[in-house]
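Shown next, in structure tokens, is the structure this report addresses.
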Amino acid sequence: MAHDAEHHDHPDHLAHHFDTPKQQFEAGKLGMWLFIATEILLFGGLFVGYSVWRGNHPELFEYSSHFLDTTMGGINTAVLIASSLTMAAAVTVAQRNDPVKQDKRPILILLLVLTLCGAAGFMVIKYFEWTHKFAEGWYPGVKYYEKPSDKSHTWDSHAGVIGVEMTTIDTVDGAPTRGDLGLPDTVTVELPAAAPVAVAPDHFLADKLAAVYGNDDAAHAGDPHGADVTTHDAKHDEHEQTHPLQDPHRPRDAHIFFNIYYMMTGLHGIHVIIGGIVITWLLIKSFRGQFHRDYFTPVDLGGLYWHVVDLIWIFLFPLFYLIH
Amino acid sequence: MSAIDTQPQTPVVVDNYLNHTKGVLSWALTLDHKRIGVMYTISVLLSFFLGGMFALLVRTELIAPGEGFLTQDQYNQAFSLHGAIMVFLVIIPSVPAALGNFIMPIMLGAKDVAFPRLNLFSYYLWVFGAIFFVVAMFTGSLDTGWTFYTPYSIDTDSAMSGVIPALTGAFILGFSSIFTGMNFIVTIHRLRPPGMTWFRMPLFLWAIYATALIQVLATPVLGITLLLLIMERAFGIGIFNPALGGDPVLYQHFFWFYSHPAVYIMILPGMGIISELIAVHSHKHICGYKFIAFSSVAIAIFGFLVWGHHMFVSGQSPLLNAIFSAITFSVSIPSAVKMFNWLATLYKGSISLNTPMLYALSFMFIFAIGGLTGLHLGTLATDVHLHDTYFVVAHFHYVMMGSALIAMIGGLHHWWPKITGKMYNENLGRLGCILVFVGFNTTFLPQFVLGSQGMPRRYHDYSNFLPEQVELYATYHMWSSIGSYIMAVGFFLTAGYLIHSLFAGRRAPANPWGGRSLEWQCASPPPYDNFAVTPSVGDCYDFSVLEWDEKEQGYRINEEARRKQAYPGEVADRSGAEKLDGD
Ligand code: HEM
Ligand SMILES: [Cu+2]
């Protein structure tokens, strides 16, 4: 059967540079698969980063993941899986819709609405999870990690910033004075003048955190050059169990787990939002009855994309929530 | 039904893609791959001018030892912007997005790329990314080099420095490149007309296809790397910053996992152009078609496995170093396969020494040196000495500028009559090419010596070395700078006669060089829908069927001869479409 481009029987949905709807569908499908490959590689980079980080700091992941809410994460997983199911059903329904009678249109719309609810529900739960973490003081980024939610805490709100400056190698020369460090008056920090430069940054941070949190163990454990940290912190005792950031057993840099967490779930969240926009667009077209058994490419491709977004979450969930 | 019998050799079409519609908006919102290709070409050439100006600043600073007219900071910014502009704004999009967009669908016999809207979107992403680079230029202090290595890129200067805008720009340009690649892969898979089987495709298309694979599979990793780096710089997420327990070598792995394949994004399409130029302008069937085609794909695959050769002295384990070194050697094999096939094509061909051919010959000369010096760098013992010296600078300019860019300029001359419908001045073209060739080698050959004598790269002043070193460096740097001025003259001359041809050039025939691939079968400039009549696909390197047409001042196909060598079933009808779009 010759389907000649010269015959002007191009249906509306067939772009001028394609010869047949089949050709157009297959082009779209291949394009979407390639796009999915790029998405997987994009997240693949993050997963590699995660693995390297976790390999370097296993204790930190072990410790910090306790603070994630497994129930919320579990509900979110269920929500996404359910929305994948409704999306798959929507694709099937669109493929069976009659172009004229539009018999399956109501079900198609219902299924897409349910999928959209899944996307929205996921984002709402994520929003509560993130704000909860912020309320606990787990801000993203090292510059914020120590900002106290309550000003009366013992640590100084400048401390986080010092943490950043302290750790650059050029500030390691010689022994900074207490004023240089900007540490609270109640803390005495004495550092050896000849601290080996290569290892100094780590110990600076350990010392400083120990100083700020009054956690002597952390400072002395495995400390080869014996930085002498003395803390006389009277106020500290009053706040002993009020805040996770004050936990004496907290490994240093625990907040960095949350950086990776925010990074990965944030990028995933952006994809969920894009998915939501795509589904909304499909919904509008379905209202107009534009999908039927002769033309369902957008539903099919949108569905593929949505499944990938879900799939990525299926990996994220255990990697963050279920590692203890 | 058969279109051949009625097909005129040079369909006289008054209506062409340039005059099909009028007005600025008809360009800005066009979905026509030819117009998008032209817009890309202009944008890329403007960026080339900008990047070139920074290069001249760098070379002028280095012409003599001692503090020149740039401060250290300005010098760092000049070479960083030069590198970043040349890589991300010029070379990567130059062949695939600019020339490829114009030529690829026509060569394939398609009406457009698979996703014309996405194509336009890629172009605007490019523009958007370029704007960020301009911002980086004006806010200043993008001083990390084009590689954005941590920790410089996370703790230089203030928060308002140009690093974040430049990273954002590169991120956006990455997506532009990804979408172009996706579009091209789908086009080549799905829009080949009947008769255009994989092994009848011109080699340029194979090269573009292999390139597109790399664009799609490598660029997302750059995207995520840059995103992580932006976050690291803005918030300090502690993944690359050693001070926060992060791993700066991880950044290098990420960066080169993209950027080594990216050097093949730059060179492969150039090699594709050279395959066309060599065959067409020596009027001889390309030698070893399948070898060249598969070597493109082999380079694309091997290219993913050698990134570690940039980190031999970054504390990579000796075992890994040895493995990466070995694979690096193997990647040069497919490159050599191409070189020998081109040489064999030239052998006993009837060579027209016109501008495109001169560029092709320059490419072969320069790429031979560029590729072979890559082997010096891939050898562990020598790389320890040569790493981060001018030897590396010379190596990558031989391959990026002397090969990839020269191929692009050669291709621009080859397809100029097709794109603009005008012929340029051939003698000025030859002169321009010779100036560029001489200037190029004067600039970069001395840098091999400089590097092997220990001159480090990215130094703003070299007066603090031993006196005899300073003396030696000064001589070679001076020659290098002189060469860059010669090259600049060559490029300005080229720009001049090309622009002049637009207004005063002779009207171009459909087939001025005697090419056989499909783009030479449609008018110059091509009509809006590319082909007035569906073209017939033949062996695109069989030039025996062409004859010179005195009246047209171009070549045309001799129907008699063509029919004799036609493929079985080579008739231009679309009924095969169903069967063919499966593969
Ligand atoms: C023929 C095969 C090639 C081999 C074996 C090779 C090998 C190498 C090696 C080992 C290095 C690292 C040197 C060092 O930093 O110490 C290097 C650097 C480089 N190569 Fe190649 N190369 C080849 C082809 C190419 C091509 C075709 C291009 C680009 C079109 C290219 C672009 C570069 C660039 C840009 C750098 C340095 C990047 C930087 O540090 O800023 N190379 N090459
Ligand atoms: Cu490389």
Side-chain angles (χ1 to χ4, degrees), chain A residues 1-6 15-20 22-24 26-31 34-35 37-46 48-50 52-53 56-57 60 139-145 163-164 166-170 201-202 204-205 252-253 255-256 258-260 262-263 266-267, chain B residues 1 31 33 105 110-116 118 151 155 175 178-179 181-183 185-187 189-191 193 212 216-225 227-228 231-232 234-247 250 253-254 257 529 534 573-578 581-582:
Chain A
M1 185 211 70
H3 189 106
D4 201 322
E6 260 76 271
H16 85 285
H17 57 291
F18 290 112
D19 288 335
T20 60
K22 179 165 172 275
Q23 190 189 30
Q24 170 164 310
E26 286 184 345
K29 194 118 185 172
L30 181 60
L34 286 170
F35 182 67
T38 67
E39 290 284 11
I40 299 212
L41 282 159
L42 192 79
F43 276 95
L46 275 178
V48 171
Y50 172 96
V52 171
W53 241 99
N56 287 347
H57 309 270
L60 202 151
Y139 285 94
V142 71
K143 289 178 183 153
Y144 306 105
Y145 72 99
V164 182
M166 284 300 303
T167 49
T168 56
I169 301 221
D170 26 350
D202 276 359
F204 263 88
L205 204 61
R252 68 180 195 84
D253 290 354
H255 60 286
I256 284 183
F258 287 94
N259 291 334
I260 310 280
Y262 287 128
M263 187 72 206
L267 192 66
Chain B
M1 180 70 203
L31 298 181
H33 69 97
K111 290 204 189 87
D112 208 322
V113 293
F115 310 115
L118 189 66
D155 57 27
F175 276 88
I178 290 175
F179 291 139
M182 266 170 58
N183 222 332
I185 293 181
V186 177
T187 308
H189 269 277
R190 293 287 179 243
L191 292 185
V216 168
L217 297 180
T219 320
V221 178
L222 176 76
I224 197 67
T225 310
L227 200 61
L228 283 168
M231 291 299 164
E232 181 74 289
F235 298 111
I237 59 171
I239 184 160
F240 297 137
N241 189 346
L244 303 177
D247 187 347
L250 179 64
H253 275 288
F254 271 153
F257 182 83
D529 259 346
T534 313
D573 80 343
R574 313 288 282 175
S575 61
E578 243 81 333
D581 59 22

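Because the structure is a prediction, the values reported are computed rather than measured. Every chain is numbered from 1 and lettered A, B, ... according to where its sequence line falls, protein lines coming before strand lines.
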**Message:** Quick one: does any side-chain atom of A:E26 pair with a main-chain N or O of B:R190 as donor and acceptor, under 3.5 Å?
**Reply:** no
**Minimum side-chain heavy-atom gap B:H253-A:V52 below 4.5 Å** = no
**Complete:** Of the listed B:I185, B:V221, B:V216, the one with the largest count of heavy-atom pairs under 4.5 Å with chain A is B:V216
**Asked** Backbone N or O of B:V113 within a donor-acceptor pair of the A:H17 side chain at under 3.5 Å?
**Response** yes
**Message:** I want to check something: taking the side chain as every heavy atom from C-beta on, are B:I237 and A:I260 in contact at a cut-off of under 4.5 Å?
**Reply:** no
**Request:** Name the region of B:D529, side chain, backbone, both or neither, that has any atom closer than 4.5 Å to a heavy atom of chain A.
**Result:** side chain
**Request:** Can you tell which part of A:L267 gets under 4.5 Å to a heavy atom of chain B, answering side chain, backbone, both or neither?
**Result:** side chain
**Asked** Would B:I239 and A:N259 satisfy side-chain contact (heavy atoms from CB on, under 4.5 Å), going step by step from the backbone distance to the final call?
**Response** CA-CA 9 Å; B:I239 184 160; A:N259 291 334; over 6 Å; no
**Message:** Between A:F43 and chain B, with a heavy-atom cut-off of 4.5 Å, which part of the residue counts as in contact: side chain, backbone, both or neither?
**Reply:** neither
**Asked** If you tally heavy-atom pairs under 4.5 Å against chain A, which of B:G181, B:P116, B:G246 wins?
**Response** B:P116
**Prompt:** What part of B:M182 is in contact with chain A, defined as an atom under 4.5 angstrom from a non-hydrogen atom: side chain, backbone, both or neither?
**Reply:** both
**Prompt:** Are B:L228 and A:L46 close enough, and set up right, to give a side-chain contact (heavy atoms from CB on, under 4.5 Å), and what steps lead you there?
**Reply:** CA-CA 9 Å; B:L228 283 168; A:L46 275 178; 3.8 Å; yes
**Prompt:** Of the listed residues (B:L227, B:L222, B:T225), which shares the most heavy-atom pairs with chain A below a 4.5 Å separation?
**Reply:** B:L227
**Complete:** Bottom line for B:F257: the part with an atom under 4.5 Å from chain A's heavy atoms is neither
**Asked** Within the side chain of A:W53, is there an N or O that forms a donor-acceptor pair under 3.5 Å with the backbone of B:G238?
**Response** yes
**Asked** Where do B:K111 and A:H16 come nearest, in terms of heavy atoms and distance?
**Response** NZ-O, 3.9 Å
**Prompt:** Side-chain contact, heavy-atom cut-off 4.5 Å: A:T38 with B:F175?
**Reply:** no
**Prompt:** Is there side-chain contact between B:I178 and A:L34, with at least one heavy-atom pair below 4.5 Å?
**Reply:** no
**Fill in**
Residue set satisfying side-chain hydrogen bond (donor to acceptor under 3.5 Å, both in side chains) with A:E39, at least two apart, ordered chain then number -> A:H271
**Message:** For the interface with chain A, which of B:T219, B:T187, B:N183, B:L217 has the highest count of heavy-atom pairs at distances below 4.5 Å?
**Reply:** B:L217
